[in-house]
Undergrad: 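Please see the structure below; I have some questions.
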Amino acid sequence: MNRRQLLKTVALGSAYMAMPKRGFSFSNNEDKSIVLSTWYNQGVAANNAAWNILGNQGTALDAVVEGVMVSENDIHNCCVGLGANPDRDGIVTLDASIMNHKSECGSVAFLEQIANPILVARMVMEKTPHVMLVGEGAQKFAVDNGLQLMGKKLSEDANKTYQKWLEKSEYKPIINIERNEKKHGPNPPLFLENGDYNHDTIGMIAMDSMGNLSGACTTSGMGFKMRGRVGDSPIIGAGLYVDNEIGAATSTGNGEEVIRVSGSFLVVEYMRQGYSPYAACKKAVERVVAKTPRKLEEIQVGFIAINKEGEYGGYALNKNFDYAVKATEIDNLKVDAESLITN
Ligand code: ASP
């Protein structure tokens, strides 16, 4: 089986289960570069930006930063960057994390008015002895390091969805509302006026031509969340985890459920035990199910993962989770992840 066939097989998910748990490795001179992003619609542009770096022998770390910044800078993205849905008080607060092949990591949470939280997370990793900065302190650190305060004005899209939300002001952080081709048509936009999608973090994981792994995750979190609420995305081990000996994983969905089981760390640990990325993601979703006190139809959790061999996979609790994969022979494959609940 060549790499193209392998990657297609892997994309099928269940077919992949039949494969040996650690069954595939590349010959030494084959380029292993690969990048995956949560949510196909935003993932394509992000993967392309990452690929400009990966395809030119750049590092996975630079690639994931450039990649997720595309979503952060997209004013029409419902759920990432300053254009995204605000919290229930009408203020956009952002969370982001980053981790590299040396297990160095950085993150920011509850950050306001900064366009690229991922840059701040990277600076926390590279310029401080710490892992996480939050709120005012994170903002001051960003400004001290040359980033601009962008103001509190909501994007036009976000303002519309917020006004709509205010009509009822119901605090129901139900996250299982996905872009759905049946409901929203083919290639649904990244924002819907009626606020129909209320989450869609970008988590990106990549391996570069040196075989090194890195990951980045950035989000405005759950739309219309309680002020001060922080999800899984900036928590190392929950929304993102990288172990260069084993693999990398990232997540999307109800952050609380992912935090409860240290989801991305768990996926990597399952890969350490020999499970394929697909099977590791599935087992982590099963753990979420075993531990959550919530009704399964009210929540969503999706994981994606890659291992050191360049194999990839993903799995979700509920249907309609998709992700984008780009590699030398794969131009943004859309993978509709299998889910535990299929109706
Ligand atoms: N995981 C994010 C959070 O809970 C939301 C998302 O993935 O869209 O903040």
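Both ligands and their constituent atoms are indexed starting at 1 by order of listing.
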Undergrad: Quick test of your reading of the structure: of Thr219, Thr201, Asp232, whose heavy atom lies closest to atom 1 (N) of ligand 1?
TA: Asp232

Undergrad: Does Gly253 come within less than 4.0 Å of ligand 1, judged by its heavy atoms?
TA: yes

Undergrad: Is there a chain of hydrophobic side chains (I, L, V, M, F, W, Y, each step under 4.5 Å between heavy atoms) that links Ile299 to Trp39?
TA: yes

Undergrad: At a non-hydrogen distance cut-off of under 4.0 Å, which region of Thr252 contacts ligand 1 (side chain, backbone, both, or neither)?
TA: both

Undergrad: Before signing off on this row, confirm whether Gly255 and ligand 1 have an N or O atom pair separated by under 3.5 Å.
TA: yes

Undergrad: Looking at ligand 1, would Glu256 count as a contact under a 4.0 Å heavy-atom criterion?
TA: no

Undergrad: Looking only at distance, does Asp200 have an N or O less than 3.5 Å from an N or O of ligand 1?
TA: yes

Undergrad: What atoms of ligand 1 come within less than 4.0 Å of a heavy atom belonging to Gly221?
TA: 9 (O)

Undergrad: Do you know which of Glu112, Lys225, Arg229, Gln113 makes side-chain hydrogen bond (donor to acceptor under 3.5 Å, both in side chains) with Thr93?
TA: Lys225

Undergrad: Please say whether more than 12 non-hydrogen atoms of neighbouring residues, nucleotides or ligands are located less than 6.0 Å from CD in Gln163.
TA: yes

Undergrad: Say whether Val242 and Met271 are linked into one hydrophobic cluster, either directly or through other cluster members, by side-chain heavy-atom distances under 4.5 angstrom.
TA: yes

Undergrad: Among residues two or more places apart or on two chains, list those pairs meeting salt bridge (Lys or Arg N to Asp or Glu O under 4.0 Å) that have a residue in residues 259-271.
TA: Glu257-Arg260, Glu269-Arg272

Undergrad: Mark up the atoms of ligand 1 that fall under 4.0 Å of a heavy atom belonging to Met222, in ascending order.
TA: 9 (O)

Undergrad: Heavy-atom contacts under 4.0 Å between Arg229 and ligand 1: side chain, backbone, both, or neither?
TA: side chain

Undergrad: Do Pro86 and Phe224 have side chains that get closer than 4.5 Å, going by heavy atoms?
TA: yes

Undergrad: Do Ile236 and Leu133 belong to the same hydrophobic cluster, where Ile, Leu, Val, Met, Phe, Trp and Tyr are linked whenever their side-chain heavy atoms lie under 4.5 Å apart, directly or via other members?
TA: no

